[in-house]
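Below is one structure, written out as structure tokens; comments come after it.
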Amino acid sequence: MPEIRVYNTLSKTKEPFAPLRAPAVGIYLCGPTVYAEAHIGHMVGPVIFDTIKRYLTHNGYQVTLVVNITDVDDKLIAQSRKRGVPMSQIATEMTADYMANLKELGVNQIDYMPRATDHMDDIIQFIQCLESQGYAYAVDGDVFFEVGKDKSYGELSNRSTDQQQGEGGDAAARKRSPSDFALWKSAKADEPAWDSPWGRGRPGWHIECSAMSHRILGETFDIHGGGLDLMFPHHENERAQSTCCHNAPMVKYWMHNGLMRAGNKGKVGGKNDRDPATESVAEQTEGKISRSKGGGGLAELIRRQTGERLRFFLLRTHYRSTIVFNDEALAEAGTSLEAFYRFFDRFEELTGTSFYDLSAAENREAGAIDPAGDKVLEEAAGLREKYFAAMDDDFNTGAAISVLFDLLRTMNRHIDQSGLDKNTAADSPARATLLSVAGVLRELTSLLGLFVKPVPAAAGGDDGDSGLSDQLMDLLIELRKTARQNKDFATSDAIRDRLAEIGVALLDKKDGTTWERTS
RNA sequence: GGCGACGUGGCCAAGCGGCUAAGGCAUCGGAUUGCAAAUCCGACAUCCCGGGUUCGAAUCCCGGCGUCGCCUCCA
């Protein structure tokens, strides 16, 4: 098995990936607290871990990926009051929004999405486990974790306990130390509540992750992921809870993805002439993206940009680095994606087969190709190696994607140089070579969750009269063809220019002219 | 104040001590095309600054400057 290396936040180094119970791998990714619509930043973790699971699976591992939904929390209660609807309704709505966004981005590798409210028994048992071992104490219906009892507390986020502020408010008086945090919060009269040994109440923020990861993945599991902003206090507290309850390490590898930032890098013309009415959310709020700053509306963003473009945009950069997000950057990602779509068209024209219908290799070994002296295949085999080397190295999707472009060039060059066209014999070696290399591209892009299905036709379609548009276009192309044959280029160019003005591009190719919408 | 990340061509972005510093966007040449588009070929960086370690550093260390994040809710 090839060596995969993973950056572990706990050790601050890349470590060889050696799962506890290979080939089984357990991954727990912190999902959202569902009190508001998701924003683009919420997708970074799901996309990278979806990709990581695809990659590990391809390498022979059997991965269980868990993404939790935290559906009970102070913010949900606040939202519930504000809107005058039950907390559960808000949770249901926002969970649906989150899942719809995941689907649009091609995130389909998640095995479990446990909800905190479905695991109250596990949560209560977990707190009892801590209480019985002296790590937790109850005061007037609240239960707190005593941070001072955990000697390894702070190791993950690299802080000492005397730096901790801990939550203030009315709970402060009941805590033994300011850095202690709530495991269970007693409920006020109008708050959602569950019965517990300490009275009616609800879980604190971190305990649901400890309880649910334990329930599904066990006391110690392989990978725990989440955004960098969760490292403290969330993950530090989770780790303390789980480690103390089980007297065993919680996680072998802690992986944290970088955060996304909104910004105007180009800023030609400065900020003054921006029109808030037409700007995206990202442009309006420079700096950190968060719900409290108005982030959100991801569904709308997806509608404008397509999920694939967003996924590609996220994968272009290494998962641990900060991504500056704005419409220009997204547009650039879209532009570079076009080269693939054009190739897919070209491929289909030449082979009569849709790239999307090619089947990806089952696993890493099965995908290997035998060049048998073919220069083009040798090149492709080398590029495939390069791709895997990049992915083996802490899932370097950015470097891996560069290989995709190399592969594209290899194939286009091969088509150009071999003179392949749609009349080439089906059993010609040049065709076979193209199909082999395309097979590699299919394998490598599937691993990134890219190009799994054709992009929907350009927005603003023809609705009812698409048949008519096609017929009109056929007519215009026919007329222009005649003009060109008569060397009447003034007419042929006029047709093309006028069509361009109304958003239709004509593309003259070897064996005919095609058209497409440009706006 | 404490902790941490980052600074690579016009822009984005790989690189983790040693091949000619990936790839994308943009730009400029060339092939191809009636002209375009697409495609292919080629051009375009010594890596924020200053020291140091080393036979050798974009890559390690120290010191600056700059940007950003966490320390309170946050993917």
Identify every side-chain donor-acceptor pair in residues 102-112 of chain A under 3.5 Å, counting partners at least two apart or on other chains, and give the distances.
{"residue": "A/Asn108", "atom": "OD1", "partner": "A/Arg54", "partner atom": "NH2", "Å": "3.0"}
{"residue": "A/Asp111", "atom": "OD1", "partner": "A/Lys53", "partner atom": "NZ", "Å": "3.1"}
{"residue": "A/Asp111", "atom": "OD2", "partner": "A/Lys53", "partner atom": "NZ", "Å": "2.8"}
{"residue": "A/Asp111", "atom": "OD2", "partner": "A/Leu65", "partner atom": "N", "Å": "2.7"}

List the residues meeting side-chain contact (heavy atoms from CB on, under 4.5 Å) with [X], not counting sequence neighbours, and say none if there are none.
| X | answer |
| --- | --- |
| A/Asp222 | A/Pro19, A/Leu20, A/Val25 |
| A/Ala339 | A/Arg342, A/Leu408 |
| A/Asp374 | A/Val376, A/Leu377, A/Thr433 |

Kindly write out the residues that satisfy ring-ring contact (aromatic ring centres under 6.0 Å, His included) with [X], not counting sequence neighbours, or none if the list is empty.
| X | result |
| --- | --- |
| A/Tyr28 | A/His224 |
| A/Phe405 | A/Phe340 |
| A/Phe145 | A/Phe181 |
| A/Tyr98 | none |

For A/Lys375, look at atom NZ and say whether over 12 heavy atoms of other residues, nucleotides or ligands are found less than 6.0 Å away.
-> no
What does nucleotides 32-45 of chain B look like as a protein-contact string, B for base, S for sugar-phosphate only, - for none, at under 4.0 angstrom between heavy atoms?
-> --BBBBSBSS----
In whole angstrom, give the distance that lies between atom [atom1] of [X] and atom [atom2] of [N].
| X | N | atom1 | atom2 | result |
| --- | --- | --- | --- | --- |
| A/Tyr319 | B/A5 | OH | C1' | 14 Å |
| A/Leu259 | B/C70 | CG | C1' | 9 Å |
| A/Leu105 | B/A75 | CG | C1' | 13 Å |
| A/Asn158 | B/C3 | CG | C1' | 6 Å |
| A/Met231 | B/C74 | CE | C1' | 14 Å |
| A/Phe312 | B/G23 | CZ | P | 14 Å |
| A/Ile323 | B/A13 | CD1 | C1' | 11 Å |
| A/Met260 | B/A75 | CE | C1' | 10 Å |

Rounded to whole angstrom, note down the [atom1] distance from [N] over to [M].
| N | M | atom1 | result |
| --- | --- | --- | --- |
| B/G69 | B/A75 | C1' | 14 Å |
| B/C62 | B/A22 | C1' | 31 Å |
| B/U67 | B/A57 | P | 30 Å |

Would you mind classifying the nucleic acid contact of A/Gly45 as base, sugar-phosphate or nothing, using non-hydrogen atoms under 4.0 angstrom?
-> nothing
When we call it a touch if two heavy atoms are under 4.0 Å apart, what does A/Gly31 touch: a base, just sugar-phosphate, or nothing?
->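 Here A/Gly31 touches the backbone only, sparing every base.
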Do you know which of A/Phe347, A/Phe343, A/Phe344 makes ring pair (Phe, Tyr, Trp, His ring centres under 6.0 Å) with A/Phe451?
->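 For A/Phe451, the ring pair (Phe, Tyr, Trp, His ring centres under 6.0 Å) check succeeds only for A/Phe344.
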For A/Arg316 and A/Cys30, take the nucleotide of RNA chain B holding the closest heavy atom to each; which residue's nucleotide lies nearer the 5' end?
-> A/Arg316
Choosing from B/A22, B/C25, B/C71, which nucleotide comes nearest the side chain of A/Lys386?
-> B/A22
A/Glu332 has a side chain; which of B/C25, B/A75, B/C70 sits nearest to it?
-> B/C25
Using heavy atoms and a sub-4.0 Å distance, could you list which residues of residues 234-242 of chain A are near RNA chain B? By number, please.
-> none
Charged N to carboxylate O below 4.0 Å: is that the case for A/Asp421 and A/Lys509?
->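 Between A/Lys509 and A/Asp421 there is no salt bridge, as every charged N stays at least 4.0 Å from the carboxylate O atoms.
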Can you run down the salt bridge (charged side-chain N to carboxylate O under 4.0 Å, His left out) pairs that involve residues 92-101 of chain A, sequence neighbours left out, and say none if there aren't any?
->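 Counting only pairs at least two positions apart or across chains, the salt bridge (charged side-chain N to carboxylate O under 4.0 Å, His left out) contacts touching residues 92-101 of chain A are A/Arg83-A/Glu93.
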Between the protein and nucleotides 15-19 of chain B, which nitrogen or oxygen pairs are less than 3.5 angstrom apart?
{"residue": "B/G15", "atom": "OP1", "partner": "A/Asn396", "partner atom": "ND2", "Å": "2.3"}
{"residue": "B/C16", "atom": "N3", "partner": "A/Lys14", "partner atom": "NZ", "Å": "2.3"}
{"residue": "B/C16", "atom": "N4", "partner": "A/Lys14", "partner atom": "NZ", "Å": "2.8"}

